[in-house]
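See structure below.
Along the sequence shown, the residues carry numbers beginning at 1. Note: hydrogens, waters and symmetry copies are ignored here, and every other heavy atom, side chains too, is used. Counting starts at 1 for both ligands and their atoms, in listed order.
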Amino acid sequence: MQHIAFVLAAGKGTRMKSEIPKVLHPLLGKPMLGYVLDNLAGHVQEVLLVLGHGREKIIPLYDDKATIVIQEEQRGTGDAVRVALNYLKERGDHLEEMEILVVHGDTPLVGSASLKRLTEAFRRNKSQAALLTAHVERPYGLGRILRDDQGDVQKIVEEKDATAEQRRIKEINVGVYIFEARMLAWALNQLNTDNAQGEYYLTDVIHFILAAGGRVTSVGADDPEEALSINDRRELAIAEEALRRRILTHHMHQGVTIEMPDTVRIGPNVEIEADVVIRPGTILMGATRIGRGAIIGPYTELYHVIVGDGAHVRQTVAEEARIDDGATVGPFAYLRPGAQIGRGVRIGNFVEVKNSTIGEGSKVPHLAYVGDAIIGRSVNMSCGTITVNYDGLTKHTTVVGDGAFIGCNVNLIAPVTIGDGAYVAAGSTIDQPVPRGALSIARARQVNKEDYVETWMARKKEKRVEFKDKSHPEADVEHAAQERAISSSQQKKGTDDAQLS
Ligand code: UD1
Ligand code: CA
């Protein structure tokens, strides 16, 4: 028996009002089509992805996960399935012994468990078709399930074709079906466009199969939220919110504390170990992983960040970075791609780290930029340390040996190496290697000019008196006007100067 899935995703998604194809709109950072395809993995041997609108944007992302089939003209869900089935026939596949699972690309919350139960019911009942239904509070816009007196499915009627009475039905068609391939091929040939939308409705297939004496099974979704389909941005927000809560609940069940959950967003691929505390206002996205007992937040954004056990990360933005066990980061730190923060390291406030390794136990407690650097163990980078990594053309590396001490406001002009245990005096600008264990001072020597201020003031006052004496009344007026002009032009210039400095 062959099990093949069709994913229908050729529609334009007009109501999204977007340049982006509807199925690429993300929920918690991942395109809705990604959820649909991931959910099918393991259920079927092959996925046929039916594309039309925006296919040039979709194909590069998913052509390794699915066989692409093009529906040139979007003439309805029935037509989309026919296009996929024709592809199989032309390829020479045998429709006997084939089960076809059909899902929509805009219904990303359908659960794997529901797919499994649907497949089981289909096989157990030896049906020709099975469909997933859900009872929802707001069935507006969806296909309604009509049942007979025995409670068996009779047909699906679309909102636009439904009578007022049918519209009151709250059991809806989720858009997930399983068919015997040969029966499906036959029923698709019966379809017509005699309906309110002038389209080939896949939903009519159910009616034709029943009319031909076939057996149709229906299964209720585990959770009505699975039926959420996305046709506009409002529904996108509703589906994302449902998914967000589902993900938070999952982590809480795994032993993660989440404070003020309404303020926390966690992506679908994030892994969190037990006894982690996620504090308010935190966003964890991408392939982020948080080790046991870590505390994340408040107000922290992590994208593709690996955090070790017991680390503490607060008020921090980090992307593509690693924070090892027991390190503390923040408040107000920025870790950019390639930042590797070692065990027990302390990264403090207003520190930016990019493409740098910081060895175990080192400290960068405040106001520093560390870029393209290899920092050893137990190093102290004091307040205001800057790796001057860019000469306007290329980036250069700074190496700081184990146990080195870099004083406040030091510029390390790369490429440069500071030896193990060396000391660099505060205010130094270092552009030559510092040997291990040396003290390096690279700053102008201090000069004290005794009594300078008083003498200088006195001289200044003298000059002013001289000037006044020389001037006659007209010159005085002229002088005042000149001074006003100068001071106002300086005020205007003030902002520019600040940017230059
Ligand atoms: C469809 C169902 C409806 C169901 C609802 C669930 C039909 C006629 N109606 O309605 O019973 O309650 O889904 O969400 O099937 N597509 C194509 N090619 C086409 C037309 C559509 O690939 O020619 C794709 C769309 O891209 C979309 C999916 O099929 O991903 C569903 O199409 P859509 O137009 O959104 O159907 P609904 O009106 O929502
Ligand atoms: Ca839809």
Side-chain angles (χ1 to χ4, degrees), residues 5-16 18 20-25 31-33 35-37 48-55 57-58 62 66 68-85 87 102-110 129 131-136 138-146 153 155-162 166-167 169-177 179 184 187-188 191-208 218 221 224-236 238-239:
F6 295 173
V7 178
L8 312 188
K12 189 159 183 220
T14 314
R15 283 172 283 167
M16 294 299 282
S18 179
I20 305 164
K22 177 166 87 172
V23 293
L24 291 190
H25 279 266
M32 63 178 100
L33 186 55
Y35 290 93
V36 175
L37 292 175
L48 265 54
L49 177 57
V50 182
L51 296 179
H53 279 283
R55 56 187 182 241
K57 293 192 175 116
I58 304 171
Y62 297 109
I68 309 293
V69 178
I70 304 297
Q71 183 195 22
E72 284 297 347
E73 216 186 312
Q74 283 71 54
R75 297 189 296 174
T77 47
D79 182 63
V81 169
R82 183 158 44 199
V83 167
L85 207 58
Y87 172 87
V102 177
V103 301
H104 294 178
D106 66 354
T107 312
L109 297 193
V110 172
L131 68 144
L132 198 63
T133 75
H135 290 270
V136 299
R138 298 171 50 107
Y140 180 76
L142 298 167
R144 309 297 206 283
I145 307 293
L146 306 193
V153 174
K155 69 185 297 212
I156 304 168
V157 57
E158 292 303 298
E159 167 96 19
K160 286 186 178 139
D161 302 288
Q166 289 168 337
R167 284 183 195 182
I169 297 173
K170 291 191 167 176
E171 188 184 11
I172 58 97
N173 170 32
V174 175
V176 176
Y177 320 79
F179 299 103
L184 176 63
L188 287 171
L191 293 185
N192 57 58
T193 57
D194 254 346
N195 52 55
Q197 300 181 79
E199 287 183 355
Y200 293 100
Y201 288 169
L202 177 60
T203 44
D204 287 347
V205 156
I206 298 297
H207 167 75
F208 287 115
S218 74
E225 273 181 359
E226 294 183 40
L228 287 171
S229 59
I230 297 165
N231 300 295
D232 57 28
R233 309 264 182 164
R234 192 183 133 271
E235 288 175 341
L236 180 69
I238 291 170

What is the closest protein heavy atom to [atom], and at what distance does it sit?
| atom | result |
| --- | --- |
| atom 29 (O) of ligand 1 | Leu8 CB, 3.4 Å |
| atom 9 (N) of ligand 1 | Glu158 OE1, 3.0 Å |
| atom 36 (O) of ligand 1 | Thr77 CG2, 4.5 Å |
| atom 22 (O) of ligand 1 | Ala10 N, 2.9 Å |
| atom 12 (O) of ligand 1 | Asn173 O, 2.7 Å |
| atom 26 (O) of ligand 1 | Gly11 N, 2.8 Å |
| atom 20 (C) of ligand 1 | Gly76 C, 3.6 Å |
| atom 1 (C) of ligand 1 | His104 CE1, 3.6 Å |

Given the protein's heavy atoms, is any one of them under 4.0 Å from [atom]?
| atom | result |
| --- | --- |
| atom 38 (O) of ligand 1 | no |
| atom 14 (O) of ligand 1 | yes |
| atom 34 (O) of ligand 1 | no |

Does any N, O or S atom in Ser229 come within less than 3.0 Å of the Ca ion (ligand 2)?
no
Residues [X] and [Y]: side-chain donor-acceptor under 3.5 angstrom:
| X | Y | value |
| --- | --- | --- |
| Asn195 | Lys160 | no |
| Ser229 | His104 | no |
| Tyr201 | Asp161 | yes |

Decide, yes or no, whether a salt bridge links Arg167 with Glu158 under the criterion of side-chain N to carboxylate O below 4.0 Å.
no
Pair Glu199 + Arg75: basic N to acidic O under 4.0 Å:
no
Kindly determine whether Arg144 and Glu171 satisfy side chain to side chain contact (heavy atoms under 4.5 Å, CB included), including the steps that lead there.
CA-CA 6 Å; Arg144 309 297 206 283; Glu171 188 184 11; over 6 Å; no
Quick check on [X] - does any of its heavy atoms sit under 4.0 Å from an atom of ligand 1?
| X | value |
| --- | --- |
| Asn231 | yes |
| Leu51 | no |
| Ile172 | no |

Under-4.0 Å heavy-atom contact with ligand 1, by part of Gln71 that carries it
side chain
Output the list of atoms in ligand 1 that are nearer than 4.0 Å to some heavy atom of [X], sorted by atom number.
| X | answer |
| --- | --- |
| Leu142 | 5 (C), 6 (C), 12 (O), 14 (O) |
| Arg75 | 23 (O) |
| Ala80 | 17 (C), 18 (N), 22 (O) |
| Gly105 | 30 (O) |

Are [X] and [Y] close enough that some pair of their side-chain heavy atoms sits under 4.5 Å apart?
| X | Y | answer |
| --- | --- | --- |
| Ile169 | Pro139 | no |
| Val153 | Leu146 | no |
| Thr133 | Asn173 | no |
| Arg233 | Ser18 | yes |
| His135 | Pro224 | no |

For Leu202 and ligand 1, does the shortest N/O to N/O distance drop below 3.5 Å?
no
So for ligand 1, is Thr203 a polar contact partner (N or O within less than 3.5 Å, distance only)?
no
What residue among Val110, Thr107, Val103 forms side chain to side chain contact (heavy atoms under 4.5 Å, CB included) with Leu132?
Val110
Taking the Ca ion (ligand 2) as the reference point, name the nearest N/O/S atom of Asp106.
OD2
Interatomic distance, CG@Leu202 vs OH@Tyr177, rounded to 0.5 Å, equals 4.5 Å
